[in-house]
Amino acid sequence: MKLILCGKGGCGKSTLATLLARSYAEEGKQVLVVDSDESNFGLHRQLGLDLPEDFTHYFGHKKGIYEDGAADVFEGGWHLSDIPEEYSSKEGNIRLMAIGKIHDAGEGCACAMGSLNRIFLEHLVLEENDVCIVDTEAGVEHFGRGIDRYADAILMVADPSYESIMLTEKISGMAEDFGKPVFIVLNKVDADQEAMMRETIGNSDKIIAALPADKGILAAGLKGEALTAELPAIETIKKALAK
Ligand SMILES: Nc1ncnc2c1ncn2[C@@H]1O[C@H](COP(=O)(O)OP(=O)(O)OP(=O)(O)O)[C@@H](O)[C@H]1O
Ligand SMILES: [Mg+2]
């Protein structure tokens, strides 16, 4: 399964990506986490892994990536075992890749990273026991780039905000355009906020779980520590995805 996590800034995409990755790994799945957020540097810490070298560097430099050139490299498809070790960090059943980060002022835009992410996902071949979780940058640019076309499912994270409520409609529509199922997870909500969001969100039938604001997650986030929280909602999300 290729799963793309999306939502507005700070809603909890990377947190959910981490908790799901851990849970699938504990179950015995081989998990590839793809960090496709060019700006934020938090995901590897949440996973307790080193930040891997930018995958764009495999192609020389991000400016050197042209769609056809990169596609040639992946011809015939890439399995998890084809991912070069120098461009991933691994512990147990979890392997993390970072498509690329903006490191320096004036280095250019992130278009090459978006292209690479799309081509990579398109050519990634998963076995029965493999799960790929793609953590995206905030917003919907990845939809504009057509990256979500290569997912099996879209998991939208919605925090208690008007912006997230509005975004559920937009993302559902875009996922539908690609013929992809969308699942909504409410995050950092109390019972009142959950009820209000279930009432307000037009396609509330797509809400599969609601996570509370958790002190342990917040504390780990503040200290930049690995996430160890075990929330029952993660199992609920996995069950809904398995269907
Ligand atoms: N359920 C939760 N309970 C408490 N804190 C949470 C929860 N989910 C996320 N957080 C905190 O909210 C902040 C944002 O979470 P996270 O980095 O996962 O969001 P994001 O959507 O990936 O953000 P970005 O758009 O910047 O990539 C972090 O400090 C994280 O620890
Ligand atoms: Mg993030």
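Each residue takes its place number in the sequence, starting with 1.
Atom CD1 of Ile4 sits about 11.0 Å away from atom OH of Tyr150, to the nearest 0.5 Å.
Using modelled atom types and a 3.5 Å distance limit, the side chains of Glu199 and Ser204 yield no donor-acceptor pair.
Atom CE of Met196 is surrounded by 12 or fewer heavy atoms from other residues, nucleotides or ligands within 6.0 Å.
Within the structure, the salt bridge (Lys or Arg N to Asp or Glu O under 4.0 Å) test picks out no pair touching residues 207-233 (sequence neighbours left out). Listed by first and then second residue, the side chain to side chain donor-acceptor pair (under 3.5 Å) pairs that reach into residues 176-185 come to none, sequence neighbours excluded. Residue pairs that meet the salt bridge (Lys or Arg N to Asp or Glu O under 4.0 Å) test with at least one member in residues 45-55, sequence neighbours left out, do not exist here. Identified under the side chain to side chain donor-acceptor pair (under 3.5 Å) test for residues 181-195, with sequence neighbours left out: Glu194-Arg198. Within the structure, the salt bridge (Lys or Arg N to Asp or Glu O under 4.0 Å) test picks out the following pairs touching residues 152-170 (sequence neighbours left out): Lys8-Asp159.
Under the rule for a side chain to side chain contact (heavy atoms under 4.5 Å, CB included), Lys239 has no partner lying at least two apart in sequence or in another chain. Partners of Lys238 under the salt bridge (Lys or Arg N to Asp or Glu O under 4.0 Å) rule, at least two apart in sequence or in another chain, are Glu27, Glu235. Remark: Leu126 pairs with Lys2, Leu80, Leu124, Asp130, Cys132 by the side chain to side chain contact (heavy atoms under 4.5 Å, CB included) rule, at least two apart or across chains. Taking the side chain to side chain contact (heavy atoms under 4.5 Å, CB included) definition, one finds that Pro212 meets it with nothing, sequence neighbours left out. Under the salt bridge (Lys or Arg N to Asp or Glu O under 4.0 Å) criterion, Glu141 pairs with Arg145, not counting sequence neighbours. Contacts of Phe120 classified as ring-ring contact (aromatic ring centres under 6.0 Å, His included), with partners at least two apart in sequence or in another chain: Phe55, Phe74.
Alongside Leu222, the hydrophobic cluster contains no other residue (criterion: ILVMFWY side chains under 4.5 Å).
The backbone N or O of Ser161 sits nowhere less than 3.5 Å from a side-chain atom of Ser164 that would complete a donor-acceptor pair.
In this structure, the side chains of Phe183 and Lys243 stay at 4.5 Å or more apart for every pair of heavy atoms.
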